[in-house]
Amino acid sequence: MADKTYTKKVIQLCLAHMGGKEQKFIAEAIESNWVTSLGPNVDCFEKLIEDFLSCSDIETGKDKTIKTLAVASGTAALHLALILLGVKKDDEVLCQSWTFAASVNPVIYQGARPVFIDSEESTWNLDPVLLEETIVHRISKTGRKPKAIIAVDLYGMPAKWDEINAIASKYDIPVLEDSAEAMGSQYKGRYCGTLGTLGVFSFNGNKMITTGAGGALICHDEKTRDKALYFATQARGPRAYYHHEDVGYNYRMSNISGAIGQGQMETLQIHIDHHRKLHDIYSEAFSDSSLIQVKDNPTGDFNSNFWLTTVLFDDSLTIDDVDRTREQLQKNGIMARPLWKPMHEQPVFKIYKSYMNGTSSRLWAKGLCLPSGPCVSVDDALMIADLIKDTITRGKR
Ligand SMILES: *Cc1c(COP(=O)(O)O)cnc(C)c1O
């Protein structure tokens, strides 16, 4: 049988896409000479995010307590969050191992030590059972409580927030929600980013919306946001002259980026809907294959934005089959990627303690992230699924 011929255009893993209004807001910023960090476009972008997130509390109506600080990157937001949570040199921070390195690097910036915890299978996020065991074990070993918990909503899938928050409050340890990939995802009707003590979004070019580069810190009161702003703007004291009592950072978002963000907020819901639609298309396309399993919401409590649709290969297939499939896609201009390699397996983090149940080590090499987002069409997704099934069956013959 002749090989099927597939399109040669390049399909990237995930690119945010411009909604149309960005140029207008950028032009406004330039005309008004607001080309600096801070500015009215950043203020407006922050209000739009607050409006979006505060609609999520379906039982109690609008949550007016949510406060947003737009910053230079998701990583900067994570770093500011750790500073606000009081993470200092030699503290221990419990951190989901199955994530992108940016979740952990700020722990090292603070001179603190990450302690890695494995994921559970239904969400691929922080395992609450292991979390509690780790807390108990660390307290017995060191005589001190871990300073913070970092839980991630990986690939947009909400973590088991009720369980995680219950344990966090039992031991009185704050939780940082790394929601960099999960803007628009919901857990029991509430938006990711608002579920921990502090939350973080990323607006890097491959995330749900983009400001070129950028991020946001989500706080639950104005005072906390003010303190984050202080550290993000060189920790300048409230005096006429330059007075500093703390080490600060230059982490504020530029007003031009804020203008792009303003435009992006008009298409956020369209982006979310399209990510979810592609997940539906992939799920349907693989429903006749016993060899490929599309990662889905575990129950109705979880409503992922499906930032990336991810698939697992059946146990009858090898890691070589996964690699071969990815290479075949690449030959056809389709940029699928391996899943995140867990942090406890990374050479740079090997020296830190880890509490594992085997989930992330077992699964990461058996899966792929498929092209997702507004630049991938329904036809693209159907073609990609077709090519994957083709490659696998050919390998089996
Ligand atoms: C992208 C990402 C970050 C970092 O965001 P940047 O804006 O790129 O700094 C942090 N955590 C996770 C899980 C991410 O995917």
Side-chain angles (χ1 to χ4, degrees), residues 12-16 42 45 49 68-83 93-110 114 116-117 119 123-126 148-159 161 164 175-185 192-193 195-196 198-218 228 232 249-254 257-258 260-261 264 271 275 295 304-310 337-344 346 348-349 360 364 367 369 372-373:
Q12 297 293 348
L13 181 66
C14 185
L15 288 176
V42 173
F45 180 41
I49 295 170
T68 301
L69 183 77
V71 291
S73 69
T75 310
L78 286 162
H79 189 195
L80 287 170
L82 293 179
I83 293 167
V93 175
L94 308 182
C95 189
Q96 177 170 329
S97 181
W98 203 1
T99 182
F100 176 46
S103 307
V104 188
N105 284 332
V107 176
I108 314 290
Y109 303 164
Q110 285 305 94
F116 296 114
I117 303 180
S119 293
T123 64
W124 292 3
N125 293 315
L126 195 62
I149 299 164
I150 302 176
V152 187
D153 302 310
L154 205 64
Y155 298 117
M157 180 66 72
W161 280 102
I164 291 169
V175 191
L176 171 51
E177 180 181 15
D178 182 348
S179 207
E181 304 171 356
M183 195 173 195
S185 297
C192 285
L195 303 169
L198 292 168
V200 163
F201 291 127
S202 166
F203 310 125
N204 203 39
N206 55 349
K207 298 291 160 71
M208 292 303 286
I209 57 168
T210 188
T211 56
L217 180 67
I218 309 302
Y249 300 85
N250 182 6
Y251 278 169
R252 201 64 169 110
M253 177 175 275
S254 109
S257 298
I260 301 173
Q264 286 279 286
H271 284 197
H275 281 260
K295 184 73 187 156
S304 175
N305 62 13
F306 293 112
W307 169 58
L308 297 180
T309 291
T310 54
R337 288 268 179 83
L339 303 179
W340 298 122
K341 181 180 177 181
M343 294 305 112
H344 71 280
Q346 301 289 354
V348 64
F349 297 132
S360 59
W364 81 268
C369 305
S372 303

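First listed ligand is number 1; within each ligand, the first listed atom is number 1.
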(request) Go through the steps to decide whether W98 and W124 satisfy the test ring-ring contact (aromatic ring centres under 6.0 Å, His included), and finish with yes or no. (result) CA-CA 8 Å; W98 203 1; W124 292 3; 4.8 Å; yes

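In this pair, H275 and H271 present their aromatic rings tilted. The plane angle is within the 30 to 60° band.
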If you look only at distance, which donor and acceptor atoms sit under 3.5 Å apart when one is on a side chain in residues 198-208 and the other is two or more places apart or in another chain?
unit_1	atom_1	unit_2	atom_2	d
S202	OG	N204	N	3.1
N204	ND2	N206	OD1	3.3

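Checked by atom type and distance alone, the side chain of S119 never pairs as donor or acceptor with a backbone atom of S360 at under 3.5 Å. Of the possible donor and acceptor atoms, one in the side chain of E177 sits under 3.5 Å from a partner among the backbone N and O of G193. Put simply, the side chain of Q264 never gets that close to the backbone of I209: no donor and acceptor are under 3.5 Å apart.
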Atom pairs and distances, ligand 1 N/O vs protein N/O under 3.5 Å:
unit_1	atom_1	unit_2	atom_2	d
ligand 1	5 (O)	S202	OG	3.3
ligand 1	7 (O)	G74	N	2.8
ligand 1	7 (O)	S202	OG	2.7
ligand 1	9 (O)	G74	N	3.3
ligand 1	9 (O)	T75	N	2.9
ligand 1	9 (O)	T75	OG1	2.5
ligand 1	11 (N)	D178	OD1	3.3
ligand 1	11 (N)	D178	OD2	2.7
ligand 1	15 (O)	E181	OE2	2.5
ligand 1	15 (O)	K207	NZ	3.0

